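What follows is a single structure, written as structure tokens, with notes after it.
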Amino acid sequence: MPFIDTPETNALKSKVEKLLSEIPDFTDENKNLKINVIKDYADNGNVKLLEPLLKNPQTKKAFFTPVLDSSVFNTAKFKEFLEYSSACNSYSKYLGKKIGLYMGDSSLLDRNEVVLNFPFKDCVLEGGQRKEDGLDTYYEYDDKKGEYEKKQSKRREVFYNEVLAQDEIDSLFSPKAFCNAKRYEKGKSEKCTKLNRDAELNKKRGLSEDTITDNLIIKGNNLLALHSLKKEFAGKVKLIYIDVPYNTGSDSFSYNDNFNHSSWLTFMKNRLEIVHELLKNEGAIFLQIDHHELGYITVLMDEIFGVHNKVQIIAVKAASVSGFKSVNPGPIDITEYILFYTKNKSAFEFRKNRIKSEYNTNYNQYLETHNTDDTSKWEFFPIKEHLLTSLNKSEKELKAQFGDVYKTVINQMIATYAFDNADNIISIRDLHKPTEKMKELQELSRINRNTIYTYTKTSGEKTYLYNGGAIAYYSSKLQLIDNEKCVTELLSDFWNHISWAGIAKEGGVKLKNGKKPEKLLKQILEIASNVNDIILDYHLGSGTTAAVAHKMNRQYIGIEQLDYGENDSVVRLQNVINGDQTGISKSVNWQGGG
């Protein structure tokens, strides 16, 4: 229960302040309390803090819980009290655990500028992830023995205030030495004593000649690793993809803190700030999340990368309505989201990406030109009519032949006929940004029905106007994707074209509830990177990003703290080097190596 202003609470504030100010370790030269030091003492169960609090009846009652003949120090309650207490100059300016839209103490709801503020925003969260990082040592006083007994519990993460704990943060962010390096190649692995720096390759991609050109998988805390990479890779990473902890309470990542909103946002903010520095000016970041924290992380991303650099929030169909999910109350969760931001939108190279599609029924006419440029001799036929003529059959005959499945059969036949005769299949479409001359011809074609008007561009390209619209050819929809000619459509902000079924075996590794399809990463890499660009994923998991980058000839840096044993990213990358044929391998003609 949060503290509120009452005479009792104010009296307790005065008592705590008086007790702590009498201890030299807890005050600075101006007699102000050093809250970060006090919190460290509380986390460690230091006798210098616990003894005076335990001896005073008022503070003993407030911060100690009687258990049999002992008293247990309530660390969480004491630290929450420090956060509340303005008299103690708390490092957090926020009361309770609220997240809001504020600038200082002023609401921003009525202003154009929006900043997401939350408790601990002015702090750094190391965010240990391994099981051994998850234990805290504390001391419980035993009245019978008259001494403190050492015990362990689930760790409460330490929040280092950016102002008050600058020395600790400097130490945290200082570059760390990497050790136990191994180099993996096809069929072998060996100790690595020197990293490659291909000067010619770096020249081609506009990077300093001494930039590391090896692919890197780094095991360790991602905050420490990212800061250790800063000197080498600042301003050099082209694309960042991260599949972050969704903060649902059931993440496959066993983070130590329960990551309530404020803790999770602090964790995210610290890491997003450093990767912003690693990105190239023309780079981009794709952050995948579900609906639980979508609103919060969007505002935080707006703040760090700039609202003007936000491209889209892409909705991804990640599941189907089936099985146990269908018994959930309300609409079924099948969608995840990818936040797409650039470092500098004006410098980013935007591309019109296309995806596989089905027959577009708007292309429903067959244009017979009779091999002449004289448009007065051109004829238009409904596509079904022209198909039946080519088959020398009537619709009645086909209905008799196929019975109840006639509609399905005829629709498939039309789709195939359109594909095979794409140069003659057309649709009458609205004009996009027409010139004044085109508008004139468009109006004439609207008035004089069934007459074709020709507009010739300076390049010699012709546009044909007919009945108030422009003739669009179905052949423009047909393109090569993964070396296969297929019907396509432009990529939108809703991705339902990537199947998540059957991905468990991709790469020869498993990651329960956390694995992403290789096709998803392929799509992202095609949107925002080129061959030899540097790709970063600092929540690497089972290594999907690295595997796809390897197969698509991108350099990659992956960071992961947990060891997944036989399902580890290093195992997966060894499989890729040895010629793994799952995932996108066939579509990119992957043969192994690297």
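This one's a predicted model, so the numbers in the text were calculated from it and none came from an experiment.
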| request: Run the numbers on Tyr556 and Leu216 for side-chain contact (heavy atoms from CB on, under 4.5 Å), then give the verdict. | output: CA-CA 6 Å; Tyr556 54 87; Leu216 305 174; over 6 Å; no

| task | Apply side-chain contact (heavy atoms from CB on, under 4.5 Å) to Asn530 and Glu349, showing your working. | result | CA-CA 10 Å; Asn530 297 306; Glu349 179 189 355; 4.0 Å; yes

| message | Test side-chain contact (heavy atoms from CB on, under 4.5 Å) on Met268 and Leu287; report intermediate values, then the result. | response | CA-CA 11 Å; Met268 296 300 301; Leu287 183 152; 4.0 Å; yes

| said: The test is salt bridge (Lys or Arg N to Asp or Glu O under 4.0 Å); show your working for Lys317 and Glu336 and say whether it passes. | reply: CA-CA 7 Å; Lys317 184 181 177 183; Glu336 294 187 5; over 6 Å; no

| task | Let me see the working for Asp580 and Lys551 under salt bridge (Lys or Arg N to Asp or Glu O under 4.0 Å), right down to the final yes or no. | result | CA-CA 10 Å; Asp580 164 56; Lys551 293 176 183 179; 2.8 Å; yes

| task | Could you give me the CA-CA distance, side-chain angles and deciding distance for Tyr538 and Leu226, then say whether side-chain contact (heavy atoms from CB on, under 4.5 Å) is met? | result | CA-CA 8 Å; Tyr538 58 92; Leu226 289 168; 4.0 Å; yes

| request: Determine, stepwise, if the pair Arg554 / Asn532 fulfils side-chain hydrogen bond (donor to acceptor under 3.5 Å, both in side chains). | output: CA-CA 4 Å; Arg554 272 70 164 169; Asn532 293 321; over 6 Å; no

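The shortest distance between side-chain heavy atoms of Asn360 and Lys477 falls below 4.5 Å. For the pair Leu520/Ile338, a side-chain contact is recorded, criterion being any heavy-atom separation below 4.5 Å from C-beta on. You'll find the side chain of Ser228 reaches within 4.5 Å of the side chain of Phe178, heavy atoms only. Annotation: side chain of Ile535 is not in contact with side chain of Met552 (no heavy-atom distance under 4.5 Å). The side-chain heavy atoms of Asp43 and Lys79, taken from C-beta on, include a pair separated by under 4.5 Å. Val237 is not listed as a side-chain neighbour of Asp533, based on a closest heavy-atom distance of 4.5 Å or more. At least one side-chain heavy atom of Ile534 sits under 4.5 Å from a side-chain heavy atom of Phe233. Looking at heavy atoms from C-beta onward, Ile242 lies in side-chain contact with Asp537 at the 4.5 angstrom threshold.
A donor-acceptor pair is defined here as one N or O able to donate and one able to accept, closer than 3.5 Å; no such pair exists between the side chain of Gln312 and the backbone of Ile314. With hydrogens and angles disregarded, a donor-acceptor distance shorter than 3.5 Å links the side chain of Ser499 to the backbone of Ala501. At distances below 3.5 Å, not a single donor-acceptor pair connects side-chain atoms of Asp214 with backbone N or O atoms of Leu195. A distance-only check finds no donor-acceptor pair linking the side chain of Asp290 to the backbone of Thr335 [under 3.5 Å]. The backbone N or O of Gly541 lies less than 3.5 Å from a partner atom in the side chain of Glu560, making a donor-acceptor pair. No donor-acceptor pair under 3.5 Å is formed between the side chain of Asn353 and the backbone N or O of Leu491. Proximity of a side-chain donor or acceptor of Gln523 to a complementary backbone N or O of Ile355 within less than 3.5 Å is not detected.
Considering every non-hydrogen atom in both His539 and Pro245, the closest pair reads CE1-CD, 3.7 Å. Contact record, Leu525 with Ala549: CD2-CA, 3.7 Å, taken as the closest heavy-atom pair. Between Ile481 and Arg354 the shortest heavy-atom distance is CD1-O, 3.6 Å. Residue Ala347 comes nearest to Asn281 through the heavy atom pair CB-ND2, 3.7 Å, listed as atom of the first residue, atom of the second, then distance. When all heavy atoms of Leu224 and Leu172 are compared, the pair lying nearest together is CD2-O, 3.4 Å. Residue Ala422 comes nearest to Leu478 through the heavy atom pair CB-CD2, 3.7 Å, listed as atom of the first residue, atom of the second, then distance.
Checked against a 6.0 Å centroid threshold, the rings of Phe348 and Phe340 count as neighbours. Aromatic ring centres of Tyr241 and Phe286 lie farther apart than the 6.0 Å criterion allows. Taking the centre of each ring, Tyr337 and His291 stay at or above the 6.0 Å mark.
A salt bridge is defined here as a Lys NZ or Arg NE, NH1 or NH2 lying under 4.0 Å from an Asp or Glu carboxylate O, and Glu232 with Lys230 fails to meet this definition. Of the charged side-chain nitrogens involved, at least one lies within less than 4.0 Å of a carboxylate oxygen, so that Asp243 and Lys516 count as a salt-bridged pair. Ion pair Glu518/Arg572 flagged as a salt bridge, since at least one NZ, NE, NH1 or NH2 atom sits closer than 4.0 Å to an Asp/Glu carboxylate oxygen. Salt-bridge annotation for Arg351 and Glu526: absent, with no side-chain N of the basic residue lying under 4.0 Å from a carboxylate O of the acidic one.
Note that the CG atom of Asp423 and the OH atom of Tyr473 stand 9.0 Å from one another [nearest 0.5 Å]. Atom CD1 of Ile297 is separated from atom CG of Leu116 by 9.0 Å, given to the nearest 0.5 angstrom. Rounding to the nearest 0.5 Å places CG of Leu536 at 5.0 Å from CD1 of Ile240. Taking OG1 of Thr266 as the start and NZ of Lys121 as the end, the distance is 9.5 Å to the nearest 0.5 Å. To the nearest 0.5 Å, atom CD1 of residue Ile559 and atom CG of residue Asn221 are 9.5 Å apart. Of the inter-residue distances, the one linking Ile274 atom CD1 with Ile304 atom CD1 reads 11.5 Å to the nearest 0.5 angstrom.
No donor-acceptor contact under 3.5 angstrom links the side chains of Lys515 and Thr544, judged on distance only.
Around CD of Glu358, the count of heavy atoms belonging to other residues, nucleotides or ligands within 6.0 Å does not exceed 12. Within a 6.0 Å sphere centred on NZ of Lys176, other residues, nucleotides and ligands contribute more than 12 heavy atoms. Around NZ of Lys519, the count of heavy atoms belonging to other residues, nucleotides or ligands within 6.0 Å does not exceed 12. In this structure, Lys345 places its NZ atom where more than 12 heavy-atom neighbours from other residues, nucleotides or ligands lie under 6.0 Å away.
The salt bridge (Lys or Arg N to Asp or Glu O under 4.0 Å) pairs that include a residue from residues 479-507 are Lys356-Glu484, Asp482-Lys522, where partners are two or more places apart or lie in different chains. For the salt bridge (Lys or Arg N to Asp or Glu O under 4.0 Å) condition, no pair includes a residue of residues 403-420, sequence neighbours left out. For the ring pair (Phe, Tyr, Trp, His ring centres under 6.0 Å) condition, the pairs that include at least one residue of residues 568-594, sequence neighbours left out, are His550-Trp590.
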